[in-house]
Amino acid sequence: MKTKRKDLLGIENLTVDEIELLLSTAESFKEVSAREIKKVPTLRGKTVINLFYEPSTRTRTSFEIAAKRMSADAVNISIASSSAVKGETLKDTARNLEAMKPDAIVIRHSSAGTPEMLSRYVGCSVINAGDGAHEHPSQALLDLLTVKERLGRIEGVRLAIVGDIAHSRVARSNIYGFTKLGASVTVAGPPTMMPPGIERLGCRAAANMTDAIKDADVIMMLRIQLERQDEAFFPSAREYSRLYGLDADKLRTAKKDVIILHPGPVNRGVEISPDVADGPYSLILDQVTNGVAVRMAIFYLLLGASRET
Amino acid sequence: MKTNVVMDEKAIERALSRIAHEIIERNRGGERLVILGIPTRGYELARRLKKIIDEIEGTDIPVGAVDATLYRDDLAIKKTQPTLKKMDIPISIDDRKIILVDDVLFTGRTIRAGMNALMDFGRPLSIQLAVLVDRGHRELPIKADYVGKNIPTSVKEGVKVRIKETDGVNEVLVESAPR
């Protein structure tokens, strides 16, 4: 299986073969980060621009480290220090960045579809690092890799995603990714945070959290995105935590060998209790480690080969 | 396309056995040796060489794999990316004598990439190159220390090494170019 794709905009339009190629390539790249000299010359002379219109520590750092471990030059632009605050449009920003001949632009933006639009303006690769409530493909890939590594498979795995499904690009990308590879996905959250018609994506909507997690092999807790909420979707953080937070009590209703994922950053005591987040079932830090490998695989497969233009 | 079998199972076995003896003779035993193969077939050949040397010397020589893919010089000009293989360096290679193993020595570019990869893991005492087939047409100043068989070819011909572990059969084929 090969890919001739220019961009990585989402999981929705990837084939099963492409997802599997990305995962197996990422597995190989894990070894590079385990070396004493964590660098390979593969993308020497390539330039990657990280264009982040939203705050990020993990994802931006992960993309930057991935690029640097492959010898590409990584440049970070965050919105606070960019010309966007002076009123430059995204299109102008894109054209100007393109004029500096980068090989890839990694973009995060609060509006769904921005990476897709950007990809039409520029000839270089565009990688979606999260766009609004649409998709976050590299997150889904690292979640897939983490589960595959631990359970040895994706097919037949039962995944429960709990939290703010409506605002979550992580949920959307993971529903696409896991269902494509043959897992069954159940989602649960407060009724105000459950988008109507979510079943159309191929998942099951559970009535409550206990129902969602009772048979799950994997529980994915979503972050409550306070910054994305202009109205109140739940009365209080305490009530949310009581009904939809994962703590030791709720965990007892789940399978004994369940594994727990969280995309970070964790709101401790809201969607997940500290003892669970740091407990033996949690793979939160494995996810972060795998994030670098997955992003190296993305760069390798999109940037390495020549493309006829 | 015409295909000639230039080495059969017996010939491959004899060649590997001779190479194993040459390695032992030149290195005065198996001390400090590490055998690393270039995947996929070079790695299987490396494991076979290890087994033969261990049987003769009563040693347990570390064996592993060096994937040269990330160090190739043609990544930017290829149309699609080659699939990554396994990198498996079992122990520190500092001050070790490395036997690098591949199936076919052709332009020498893979060996260059493999040596660059190795250097990122440490400073070996020496690197010696063992190949089952040397088909000529070098593009870099690289020479094998141990050769199973020299097979003069034209650039247009293809040399295929097929071995049991990956192809179900042990043989070396030369395929003439289609006219």
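Each chain gets a letter, A, B and so on, in the order the sequences are listed, and its residues count up from 1.
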K38(A) atom NZ: more than 12 heavy-atom contacts under 6.0 Å: yes

Side chain to side chain contact (heavy atoms under 4.5 Å, CB included) partner of Q81(B), the single match among L302(A), L301(A), L21(A), L303(A): L301(A)

More than 12 heavy atoms from other groups under 6.0 Å of CZ on R18(B): yes

Crowding at NZ, K143(B) (>12 non-hydrogen neighbours, <6.0 Å): no

Sorted by number, residues from residues 24-32 of chain A in contact with chain B (heavy atoms, under 4.5 Å): T25(A), S28(A), F29(A), E31(A), V32(A)

Within 6.0 Å of CD in E25(B), more than 12 heavy atoms from elsewhere: no

Heavy-atom neighbours of E165(B) CD exceed 12 at 6.0 Å: yes

Greater than 12 external heavy atoms within 6.0 Å of R150(A)'s CZ: no

Distance in Å, M296(A) CE paired with L70(B) CG, rounded so as to fall on 0.5 Å steps: 7.5 Å

Residues, nucleotides or ligands: over 12 heavy atoms within 6.0 Å of R35(A) CZ: yes

Nearest atoms (heavy-atom pairs only) where T42(A) meets L75(B): CG2-CD1, 3.3 Å

Smallest separation among heavy atoms of P41(A) and Y71(B), with atom names: CD-CE2, 3.2 Å

K85(B), NZ atom: more than 12 neighbouring heavy atoms under 6.0 Å: yes

